[in-house]
Chemist: 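Have a look at this one.
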Amino acid sequence: MLDELCDAIETAGASSQWRVTLVAIDGQSGSGKSTLGDELASRLRSRGRAVVRSTTDSFHNSRAERFPPGVDPAEGYLAHSHDLDTLRSVLLDPMRAGVGVYRSAAFDEPSDAPVDVDPEPVCPGSVLIFDGLFLHRRELREYWDYSIFVTAPERIRRASERYAIVESASGTEALLHLCWWWSVARRYHEGWRLYVEAVMPESIADSVLDNDDLAGPTLTSKRSW
């Protein structure tokens, strides 16, 4: 499967060796997109390709911007999670142009602070493997030479059910946990549903990876070369 995807990525970038081949790996949190990105990067490097790895996790908005008051949590998750202007200006635009310098990160979510990553020169002929949320949205979809949509609905559902239950909790502790879980589900699961219904990323992606069975993922490639 990895070789098939690497072949497709190299074919997608064959006509644009003067710049970078931009690859998106889109999917819900917990679907396995980051692991897939790391594996693809390793496989491409073994083929002699220069690879840059990055993720939407490195282009978050600040906590205050991600949780604006008065905004529905699900809508806020989709609309305010990431700093798209910075992502485009410091990474995607120079990569697409094939000239200048880029930065692979701009923000550290755990510390809720910007990061000062040294700029590096764009290397024509290299590959950017970029994973994250909402990558087929209108503001980003034009950048990708090749895109993959990763799904794992049953595995994510089973994991969610496990997190929703605290077997040893009772009374106030259990009630507080249920309230916390409701807020998580309201923001993240409903926000993802809004994205899927509005954008239909599975219909846009060049390949769809069913990753429910980690031992036997199923790949459907849709682009006709």
Side-chain angles (χ1 to χ4, degrees), residues 1-59 82 87 91-92 94-96 98 102-105 117 120 122-137 140-160 192 195-196 199-225:
M1 181 199 71
L2 292 172
D3 281 330
E4 183 178 340
L5 283 171
C6 287
D7 289 344
I9 290 167
E10 292 191 315
T11 301
S15 62
S16 56
Q17 292 302 305
W18 56 275
R19 62 171 180 80
V20 180
T21 302
L22 278 68
V23 179
I25 304 176
D26 189 8
Q28 189 174 4
S29 292
S31 62
K33 57 190 180 294
S34 297
T35 300
L36 175 63
D38 291 342
E39 291 174 338
L40 283 175
S42 176
R43 189 64 57 96
L44 285 164
R45 289 179 181 125
S46 73
R47 295 182 174 200
R49 299 299 297 269
V51 178
V52 176
R53 276 289 280 126
S54 186
T55 171
T56 53
D57 288 346
S58 297
F59 291 92
H82 303 109
L87 168 60
L91 179 62
L92 299 184
M95 287 285 186
R96 183 169 61 173
Y102 72 91
R103 289 192 291 137
S104 59
V117 175
E120 298 188 47
V122 174
C123 177
S126 61
V127 180
L128 170 67
I129 301 292
F130 191 86
D131 74 82
L133 300 164
F134 315 135
L135 299 188
H136 289 93
R137 66 198 309 163
L140 298 179
R141 71 180 65 164
E142 68 177 17
Y143 284 95
W144 314 123
D145 296 295
Y146 196 85
S147 69
I148 304 161
F149 185 65
V150 183
T151 69
E154 286 303 307
R155 188 159 52 78
I156 291 173
R157 180 187 62 79
R158 291 193 296 270
S160 297
W192 182 255
Y195 168 66
V196 170
V199 176
M200 296 188 290
E202 192 166 341
S203 68
I204 299 172
D206 295 302
S207 288
V208 177
L209 178 65
D210 182 341
N211 209 25
D212 260 332
D213 180 5
L214 292 174
T218 303
L219 180 68
T220 303
S221 295
K222 299 184 296 180
R223 183 183 290 198
S224 177
W225 302 106

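The first residue in the sequence is number 1, and the count goes up from there. Atoms considered below: every heavy atom in the structure, side chains included; atoms not considered: hydrogens, waters and symmetry mates.
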Chemist: Within this structure, what is the OG1-CG distance for the pair Thr21 and Leu128, rounded to the nearest 0.5 Å?
Modeler: 9.5 Å
Chemist: Salt bridge between Asp210 and Arg155, side-chain N to carboxylate O under 4.0 Å?
Modeler: no
Chemist: Can you find a heavy atom in the side chain of Leu40 that is under 4.5 Å from one in the side chain of Leu2?
Modeler: yes
Chemist: Closest heavy-atom contact between Cys123 and Val20?
Modeler: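 Result for this residue pair: O-CG2, 3.8 Å.
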Chemist: To the nearest 0.5 Å, tell me how far Leu36 CG sits from Ile129 CD1.
Modeler: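 It is 8.5 Å, given to the nearest 0.5 Å.
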Chemist: Between Glu4 and Leu219, is there a side-chain heavy-atom distance shorter than 4.5 Å?
Modeler: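 Of all side-chain heavy-atom pairs linking Glu4 with Leu219, at least one is under 4.5 Å.
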Chemist: Carefully, step by step, assess Val122 and Arg19 under the rule side chain to side chain contact (heavy atoms under 4.5 Å, CB included).
Modeler: CA-CA 8 Å; Val122 174; Arg19 62 171 180 80; over 6 Å; no
Chemist: Show your reasoning for whether side chain to side chain contact (heavy atoms under 4.5 Å, CB included) applies to Val199 and Arg141.
Modeler: CA-CA 10 Å; Val199 176; Arg141 71 180 65 164; 3.7 Å; yes
Chemist: Backbone N or O of Gly125 within a donor-acceptor pair of the Arg49 side chain at under 3.5 Å?
Modeler: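 Yes; at least one donor-acceptor contact below 3.5 Å.
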Chemist: Determine whether a donor-acceptor pair (N or O, by modelled atom type, separation under 3.5 Å) exists between the side chain of Tyr146 and the backbone of Gly13.
Modeler: no
Chemist: Nearest 0.5 Å please: distance from the SG atom of Cys6 over to the CZ atom of Arg45.
Modeler: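 Reported to 0.5 Å precision, the distance equals 11.5 Å.
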Chemist: Do Asp26 side-chain atoms and Phe149 backbone N/O form a donor-acceptor pair below 3.5 Å?
Modeler: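 Looks like no, no N/O pair under 3.5 Å.
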Chemist: Please name the pair of heavy atoms, one in Trp144 and one in Leu135, separated by the smallest distance, quoted to 0.1 Å.
Modeler: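 That would be NE1-O, 2.8 Å.
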Chemist: Apply salt bridge (Lys or Arg N to Asp or Glu O under 4.0 Å) to Asp7 and Arg47, showing your working.
Modeler: CA-CA 10 Å; Asp7 289 344; Arg47 295 182 174 200; 2.8 Å; yes
Chemist: Measure the acute angle between the ring planes of Tyr195 and Phe134, then classify it against the limits of 30° and 60° as parallel, tilted or perpendicular.
Modeler: perpendicular
Chemist: Nearest heavy-atom pair of Arg96 and Glu142: which atoms, and what distance?
Modeler: NH1-OE2, 3.5 Å
Chemist: Tell me whether Ser54 contacts the main-chain N or O of Ser104 through its side chain, where contact means a donor paired with an acceptor under 3.5 Å.
Modeler: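 Here the side-chain-to-backbone pair exists.
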Chemist: For Pro217 and Leu209, work out which heavy atoms get closest and say how close.
Modeler: CB-CD1, 3.7 Å
Chemist: Going from OG1 on Thr56 to CZ on Phe130, what distance comes out if it is rounded to the nearest 0.5 angstrom?
Modeler: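 With rounding to 0.5 Å, OG1 (Thr56) is 5.5 Å from CZ (Phe130).
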Chemist: Would you check if Met95 and Val52 make a side-chain contact, meaning some heavy-atom pair closer than 4.5 Å?
Modeler: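 Met95 reaches Val52 side chain to side chain.
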Chemist: Show your reasoning for whether side chain to side chain contact (heavy atoms under 4.5 Å, CB included) applies to Glu10 and Val127.
Modeler: CA-CA 9 Å; Glu10 292 191 315; Val127 180; over 6 Å; no
Chemist: Counting only heavy atoms not in Met200, do more than 12 sit closer than 6.0 Å to its CE atom?
Modeler: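 For Met200, atom CE is not crowded (no more than 12 foreign heavy atoms under 6.0 Å).
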Chemist: Using 0.5 Å steps for rounding, measure from the NE2 atom of His136 to the CD1 atom of Ile148.
Modeler: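 These two atoms lie 9.0 Å from each other.
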Chemist: Measuring only between side-chain heavy atoms, which start at C-beta, is Leu133 closer than 4.5 Å to Lys33?
Modeler: yes
Chemist: Treating Ser221 as the side-chain partner and Ser207 as the backbone partner, does any N or O pair qualify as donor plus acceptor under 3.5 Å?
Modeler: no
Chemist: Between atom OG of Ser147 and atom CG of Leu140, what is the distance when rounded to the nearest 0.5 Å?
Modeler: 11.5 Å
Chemist: How close do Ser31 and Asn211 get, counting heavy atoms only, and between which atoms?
Modeler: O-ND2, 2.8 Å
